[in-house]
Amino acid sequence: MGIRSQTFHLLVRLLKALPRKRRNSILRLIPVAAFVGLADVIVVGLVSRLFTVVVGQPSTPSLPFTSFIPEDPKTKVFLLVTLYLGMNWVASLSKLILRGCQEHLRSSIWLDLSEIAQKKVLSQEYEYFLNNKSSELSAKILLNTSRVSERLIKPILEMTSGILVISFVFIAILTFARLTALYLIIGLVICYALISVLVTPYIRSAAEQRISLESETNDVLTESMKTIIDVHMTSSEEYFERRYSKAGKKALPYLWKAETLPVFPRSLIEPLGITLIFSIGLFPLFSNNSPTKLVEIVPFLATIAVASLKLTPPLQDLFRGITDLRGGIPDLKETLRIIELPIERLTLKSPNAASPYGLTPKNYIRLNHVSYKYPSSDHYVIKEINMTISVGSRIAFVGKTGSGKTTTANQILCLLRPTKGSLQIDGIDVTDLEVPAWQSFCSYVPQSITLLNSSILENVAYGLEKKEINQQRVWESIKAAQLEELVDNLPNGLKTQVGEDGIRLSGGQRQRIAIARAFYRESKILVLDEATSALDNKTESEVMKAIEVMGRRCTIIFIAHRLSTISRADCIYEFENGSIKAYGNYEKLTDASVSFREMISIGREQSNINEDILL
């Protein structure tokens, strides 16, 4: 009882998540299914009357239109055969239309679910993505919604129409076969219930294991693709092949069981139903020695045989649907976890969201006693950060890995919100409603740039439809980012495809496209998180030239270790264990901080080594 109520509750939650127009579409299928059932009833009735006429028995009960059929046996047989053939065509075509409507609706619901899932995931705060793998989220959106559509929505639609068809046909059988049909129904229900009770636990277990193991194989595949350079350089192909093969072999038993077991009850019920039909139908013949009994049961057998043909597909759909519903519960749970996520992140289009026009910084940006800890932790990763950044200044964050530099930058970008303290613009706290407006002024350039698998044009004007892109502004941004020569030499110019993650471009070119984005957006805040650490001196110089073009129109924050980068800063903040250890310009910090002097010394030694290597 608990499992049934859980399944029902989950299905109700799923239907509530769908748009109202889609729920209405499900209801609109009922008249179509009813027509299919009615057509099958007429076919069964015509068969019964046809064979009754052939063997010369009285037509009881009579059909509504019998009075319009001539009494001549040959004419009656001809008309009944013609009607039978015609109704078979009508019944078959109506079933085809019903199946088409079901598949169209199922596909529409899959699209609804995947769109809802994507919307809900994108509306989550940045912290959500720190705690969830992007590959797993993609798999859940694509695979689980597809399975829910195939293994739950489709069975529900087929069961809804199947129940109507079965009800109509059973009414017809009861009308012509009476008590015998009742025995048949009871026998089939008991047999199916027994088979279902035995098989369902194995189906659900196999489905749960399949989801877990598919996630594992997906992770291995994604890791090997994302680290393809390391795979080639270290000849690790066999390592990943073994991991993938091991995960695949572990998943194999559950994959075939999850697909085969739902078919098991249906495969047994079909021959069992036919056996019961003819056993019950022939019983009077063998229990009575009268030869006339053979002729008398011909109409009954013919009616039951045709009715069984009409009942078999909807019964199979019903039995398969019930089994699939139970086996698909794990997929449904995973899908509901995503589509029922609350919309936490506001956008510029959200109701009550602030407009960017009133939030432009004029004098300074301040972190006021900011502390932060991740939701699942009691440890503060940054503590009591106080920092005032003048508009148009150049700021550098330095310190060991894990000292709090990037987390502090994320506070300025409002990717993470303070556990304590506040971000202030000209002395006024930035509220949650103002976050989207503030982020519209900010740009972020990490060490590893992720570019769209699209053209240079669409990467610079990120997130805009082609018709919305101002190409003149794109060209101005390209020139400012020192990319004009590169684009001019490309065969397709701005329309040149950059490949997945910009694989067709060099590291410096990818960095400058990210900077061109900031130019296009006319950003007021630019955070460069180790953006030049992996570049050679010449490429770094080109990137820094692009940055200098911005002048003092943009406040720039460098998270860096390179001397050539931080020496340009107006103020350098040194971080240690989540706090600001010291700050000042390059000369002041060199005099005040021993650890900063050591870092500079190490940086100079590494720079000399690199120069020796180049020589």
Side-chain angles (χ1 to χ4, degrees), residues 120-134 137 337-338 340-348 350 352-354 356 359 361 363-391 395-446 524-530 555 557-560 571-583:
K120 290 297 183 72
V121 167
L122 293 181
S123 70
Q124 298 308 296
E125 297 290 356
Y126 181 60
E127 290 168 338
Y128 178 81
F129 297 93
L130 297 177
N131 297 322
N132 292 275
K133 293 181 180 179
S134 58
L137 290 173
R337 284 194 188 102
I338 293 180
E340 290 182 342
L341 285 170
I343 295 179
E344 296 184 344
R345 184 179 175 276
L346 299 175
T347 69
L348 286 173
S350 299
N352 303 322
L359 209 65
N363 299 307
Y364 62 86
I365 303 154
R366 176 179 292 161
L367 291 178
N368 183 36
H369 297 285
V370 169
S371 298
Y372 178 76
K373 63 179 179 180
Y374 291 102
S376 57
S377 172
D378 294 327
H379 171 69
Y380 282 93
V381 290
I382 57 173
K383 302 175 281 287
E384 283 293 317
I385 300 295
N386 287 291
M387 179 186 300
T388 301
I389 302 171
S390 299
V391 170
I395 305 298
F397 292 172
V398 299
K400 295 180 180 178
T401 300
S403 60
K405 305 184 298 295
T406 299
T407 304
T408 301
N410 285 337
Q411 294 291 328
I412 295 172
L413 295 171
C414 284
L415 290 173
L416 301 174
R417 298 291 281 151
T419 307
K420 297 179 182 177
S422 63
L423 169 68
Q424 297 180 341
I425 307 300
D426 296 330
I428 301 173
D429 289 354
V430 175
T431 66
D432 290 340
L433 291 176
E434 293 171 326
V435 167
W438 172 245
Q439 289 180 331
S440 70
F441 295 127
C442 303
S443 289
Y444 176 69
V445 182
K524 305 299 181 186
I525 305 290
L526 176 61
V527 174
L528 297 159
D529 191 352
E530 301 284 5
T555 304
I557 299 173
F558 299 97
I559 301 175
C571 185
I572 304 169
Y573 288 87
E574 183 183 5
F575 285 78
E576 186 177 77
N577 298 325
S579 300
I580 296 174
K581 181 180 181 182
Y583 68 94

Are any non-hydrogen side-chain atoms of [X] and [Y] less than 4.5 angstrom apart?
X	Y	result
Arg417	Val435	yes
Ile389	Ile525	no
Gln439	Arg345	yes
Ile580	Asn386	no
Pro356	Leu348	yes
Pro418	Gln411	yes
Tyr128	Glu344	no
Ile412	Leu367	yes

(message) Determine whether Ile425 and Glu434 satisfy the following criterion, side-chain contact (heavy atoms from CB on, under 4.5 Å), listing intermediate values before the conclusion.
(response) CA-CA 11 Å; Ile425 307 300; Glu434 293 171 326; over 6 Å; no
(request) Please work out which of the three classes, parallel, tilted or perpendicular, describes the rings of Tyr374 and Tyr372, given edges at 30° and 60°. (result) perpendicular
(message) Is the ring pair Phe397/Tyr573 parallel, tilted or perpendicular, if the boundaries are 30 and 60 degrees?
(response) perpendicular
Donor-acceptor pair, side chain of [X] and main chain of [Y], under 3.5 angstrom:
X	Y	result
Ser377	Lys373	no
Tyr583	Phe575	no
Lys383	Asn577	yes
Asn368	Ser422	no
Lys405	Lys400	yes

(request) With side-chain contact (heavy atoms from CB on, under 4.5 Å) as the test, would you mind laying out the steps for Val445 and Asp529 before giving the verdict? (result) CA-CA 6 Å; Val445 182; Asp529 191 352; over 6 Å; no
Identify the two heavy atoms, one from [X] and one from [Y], that lie closest to each other, and give their separation to 0.1 Å.
X	Y	result
Leu413	Ser443	CD2-O, 4.3 Å
Ser123	Pro342	OG-O, 4.2 Å
Gln124	Phe129	O-CE1, 3.7 Å
Val430	Cys414	CG1-SG, 4.4 Å

(request) Indicate whether any N or O donor in one side chain lies under 3.5 Å from an N or O acceptor in the other, for Arg366 and Thr388. (result) yes
Return the [atom1] to [atom2] distance between [X] and [Y], rounded to the nearest 0.5 Å.
X	Y	atom1	atom2	value
Asn352	Asp432	CG	CG	12.5 Å
Leu122	Ile343	CG	CD1	10.5 Å
Leu423	Ile428	CG	CD1	12.0 Å
Phe558	Ile395	CZ	CD1	10.0 Å
Ser371	Ile385	OG	CD1	7.5 Å
Leu416	Thr407	CG	OG1	6.5 Å

Can you establish whether the number of heavy atoms outside [X] located under 6.0 Å from its atom [atom1] is more than 12?
X	atom1	result
Tyr126	OH	no
Phe441	CZ	yes
Lys524	NZ	no

(request) Take Leu346 and Leu433 through the test side-chain contact (heavy atoms from CB on, under 4.5 Å) and record every step on the way to the result. (result) CA-CA 7 Å; Leu346 299 175; Leu433 291 176; 3.5 Å; yes
(message) Show, in sequence, the C-alpha distance, side-chain angles and deciding distance for Trp438 and Ile365, and conclude whether the side-chain contact (heavy atoms from CB on, under 4.5 Å) test is met.
(response) CA-CA 11 Å; Trp438 172 245; Ile365 303 154; 3.8 Å; yes
